[in-house]
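Heavy atoms only: backbone and side chains are in, while hydrogens, waters and symmetry mates are out.
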Amino acid sequence: MKIARIQIEGTTRVGIVDGDQVQPLAADTDMCELLAATPAQRTELVQRATEGEPRPLCEVRLLAPVQPRTLRDFLTFEEHLEGSLKLLGAPAPHPAWYDQPLFYFSNTNAVMGPDDPVAVPPGCRLLDFELELAAVIGKPGKDLSPEQAAEHIAGYTLFNDWSARDLMSPVVPVGMGPVKGKDFANTLGPWIVTADELAPYRRDGRLALEMHAELNGAALPAGGDNSANMSWSFEEMVAFASRGAELVPGDVLASGTCGAGCLLEYWAHTDSEEPPPLRPGDVVTLVAEGIGSVSNRIVAGAEPVAVPRARVGQRRRARPWNTAGSS
């Protein structure tokens, strides 16, 4: 089943996508209830909530399929990690990367959907996209095993982790994350494909979907990747994320960028800015087997508002540990 959030006649509804049509559900349909249901329960809920006739997809506006309370972005593709480190001149991935699936929290207030415009963030010259898959949580859970975690994943969607590379590079070494380099836009869409519908794409216990990105209608020359190349499965990622923390319906866990899934990797391997950074007018499309595609157009953004540098040399309080002359 493909579950979408749609806007029709000024109202937001849940809809079920079938081919090039979408069936609107009753206005009081709870997305989280649908996500938490078993396949049989979900079918029954949809039958009860069906309202009116199906609409052509072209006549409705697709919204981000969920508005997550938490959005964790992992880094599970080793090829992307190596390409990123090459640009930074690092010899090899940090050993800690191999010990556990690492992630950071992204900005849930910046989630957008299909065809929403993405504004160039203030002061950015090196705007990039990132091709990722994401799992959507259906049932709450904490301290899950990977086997248990499988029952808590409602489905999957595409995720574009937009990145301002030049805003990231000077602040990442501080150790507090990408700061404004990742704070401005996150695309989810076009809908959630339930886990049972993607069961035929599983291989060796993990999801194996072909993925690629297109820029202005043309596939990037290096091709794409397959989600089977993730160093951890989504079930393992969910289990790790639930360690000591409650996951709730609608939470999103993204895979991290796949190999050849962003411009940064091209820049790293060609030692140039080719293909060039994204500019207003560019259209980025992410495509995943079994899910579909999601596109966004880049538009001009605002100029940065000046913020002063740190005030240094401020008077420091006397502390017992820096009192001189003690014996």
So D282 and R279, salt bridge (Lys or Arg N to Asp or Glu O under 4.0 Å) or not? Walk me through it.
-> CA-CA 6 Å; D282 286 338; R279 295 287 182 263; over 6 Å; no

Atom CG of D204: over 12 foreign heavy atoms under 6.0 Å = no

Is T11 reaching over with its side chain to a backbone N or O of Q7, donor-acceptor style, under 3.5 angstrom?
-> no

Could you list all the side chain to side chain donor-acceptor pair (under 3.5 Å) pairs where at least one residue sits in residues 231-240, not counting sequence neighbours?
-> R202-E235, S233-E235, S233-E236

Considering all heavy atoms, the nearest P65-T157 contact | CG-OG1, 4.0 Å

Which value, rounded to the nearest 0.5 Å, describes the distance between E274 atom CD and Y266 atom OH?
-> 12.0 Å

Could you tell me which residues satisfy side-chain hydrogen bond (donor to acceptor under 3.5 Å, both in side chains) with T29, sequence neighbours excluded, listed by chain and number?
-> none

Pairs touching residues 59-73 that satisfy salt bridge (Lys or Arg N to Asp or Glu O under 4.0 Å), sequence neighbours left out | R61-D116

Atom CG of N226 and atom SG of C258: how far apart are they, to the nearest 0.5 Å?
-> 9.5 Å

Sequence neighbours excluded, the answer for side chain to side chain contact (heavy atoms under 4.5 Å, CB included) partners of A300 is P280

What's the spacing between D166 CG and K180 NZ if we round to 0.5 Å?
-> 14.0 Å

Linked, directly or transitively: V174 and L102 (ILVMFWY side chains, under 4.5 Å) = no

Keeping the roles fixed (side chain from R206, backbone from S227), state whether a donor-acceptor pair exists under 3.5 Å.
-> no

Determine, using the 4.5 Å side-chain heavy-atom cutoff (strictly less than), whether V120 and L263 are members of one ILVMFWY cluster.
-> yes

Considering only heavy atoms from C-beta outward, does the side chain of P56 approach that of D20 to under 4.5 Å?
-> no

Greater than 12 external heavy atoms within 6.0 Å of E78's CD = yes

Short question: side chain of S242, backbone of A245 - any donor-acceptor pair under 3.5 Å?
-> no

Once you round to the nearest 0.5 Å, how far does CG of L247 lie from NZ of K142?
-> 10.5 Å

Take K139 and E151 through the side-chain contact (heavy atoms from CB on, under 4.5 Å) test and state the conclusion after the steps.
-> CA-CA 8 Å; K139 296 195 306 183; E151 298 300 317; 4.1 Å; yes

Within one Ile-Leu-Val-Met-Phe-Trp-Tyr cluster: L158 and M112, side-chain cutoff 4.5 Å | yes

Does the side chain of L133 come within less than 4.5 Å of L209's, by heavy atoms?
-> yes

Single-linkage hydrophobic cluster V284~V287, side-chain heavy atoms < 4.5 angstrom | no

Determine, for E273 against R165, whether the closest basic-nitrogen to carboxylate-oxygen distance falls under 4.0 angstrom.
-> no

Flag the pair L167 / V179 as yes when at least one side-chain heavy-atom distance between them is below 4.5 Å, and no otherwise.
-> no

In the hydrophobic clustering that connects Ile, Leu, Val, Met, Phe, Trp and Tyr at side-chain heavy-atom distances below 4.5 Å, which members other than M168 occupy its cluster, ordered by chain and number?
-> V172

Looking only at atom types and distance, does a side-chain atom of T76 sit under 3.5 Å from a main-chain N or O of S255, one as donor and one as acceptor?
-> yes

Around Q67, counting heavy atoms of other residues, nucleotides and ligands shown, do more than 12 lie under 6.0 Å from its CD?
-> no

Judged by atom type as modelled, is there a donor-acceptor pair below 3.5 Å linking the side chain of D128 to the main-chain atoms of S163?
-> no

Of the non-hydrogen atoms in A213 and L131, which two are nearest, and what is the gap between them?
-> N-CD2, 3.8 Å

Please answer whether the main-chain N or O of I291 pairs with a side-chain N or O of W191 as donor and acceptor at a distance below 3.5 Å.
-> yes

Separation between CD of Q47 and CD of Q23, rounded to the nearest 0.5 Å = 11.5 Å

Residue pair P277 / L126: nearest heavy atoms and the distance that separates them = CG-CD2, 3.4 Å

For G181, does its backbone N or O pair with a side-chain atom of W162 as donor and acceptor, under 3.5 Å?
-> no

Provide the full list of ring-ring contact (aromatic ring centres under 6.0 Å, His included) pairs with a residue in residues 34-85, sequence neighbours left out, each pair given once.
-> F74-F103

Closest non-hydrogen atom pair, P93 against Y98 | CG-OH, 3.4 Å

Is any side-chain heavy atom of P68 closer than 4.5 Å to a side-chain heavy atom of T70?
-> no

Judged by atom type as modelled, is there a donor-acceptor pair below 3.5 Å linking the side chain of Q148 to the main-chain atoms of S145?
-> yes

Can you see which heavy atom on G138 is nearest to which on P249, and at what distance?
-> O-CG, 3.2 Å

Applied to residues 115-158, the ring-ring contact (aromatic ring centres under 6.0 Å, His included) test, sequence neighbours excluded, yields Y156-F234

Can you tell if the side chain of P24 reaches within under 4.5 Å of the side chain of I8, non-hydrogen atoms only?
-> yes

Listed once per pair and sorted, the salt bridge (Lys or Arg N to Asp or Glu O under 4.0 Å) pairs that draw on residues 2-18, sequence neighbours left out | K2-E197, E9-R55, R13-E51

Other hydrophobic cluster members with L63, side-chain heavy atoms of Ile/Leu/Val/Met/Phe/Trp/Tyr under 4.5 Å, chained?
-> none

Distance in Å, I137 CD1 paired with D251 CG, rounded so as to fall on 0.5 Å steps | 6.5 Å

Matching residue for T187 among D115, N296, N160 - test: side chain to side chain donor-acceptor pair (under 3.5 Å) | N296

Could you tell me whether a side-chain N or O of E132 sits under 3.5 Å from a main-chain N or O of A254, the two making a donor and an acceptor?
-> no

Write out all pairs satisfying salt bridge (Lys or Arg N to Asp or Glu O under 4.0 Å) with one or both partners inside residues 39-49, taking only residues at least two apart or from two chains.
-> R42-D196, E44-R48

Under the 4.5 Å side-chain heavy-atom rule for ILVMFWY, direct or indirect, which residues accompany I16?
-> M1, I3, V14, L25, M31, L34, L35, L45, V46, V66, L71, V111, V136, F159, L188, I192, V252

Can V283 be reached from L220 by stepping across I, L, V, M, F, W or Y side chains whose heavy atoms are under 4.5 Å apart?
-> no

Atom of S293, atom of P190 and distance for their closest heavy-atom approach | O-CG, 3.3 Å

State, yes or no, whether a side-chain contact exists between T285 and V294 at a heavy-atom distance under 4.5 Å.
-> no

Can you run down the salt bridge (Lys or Arg N to Asp or Glu O under 4.0 Å) pairs that involve residues 152-162, sequence neighbours left out, and say none if there aren't any?
-> D161-K182

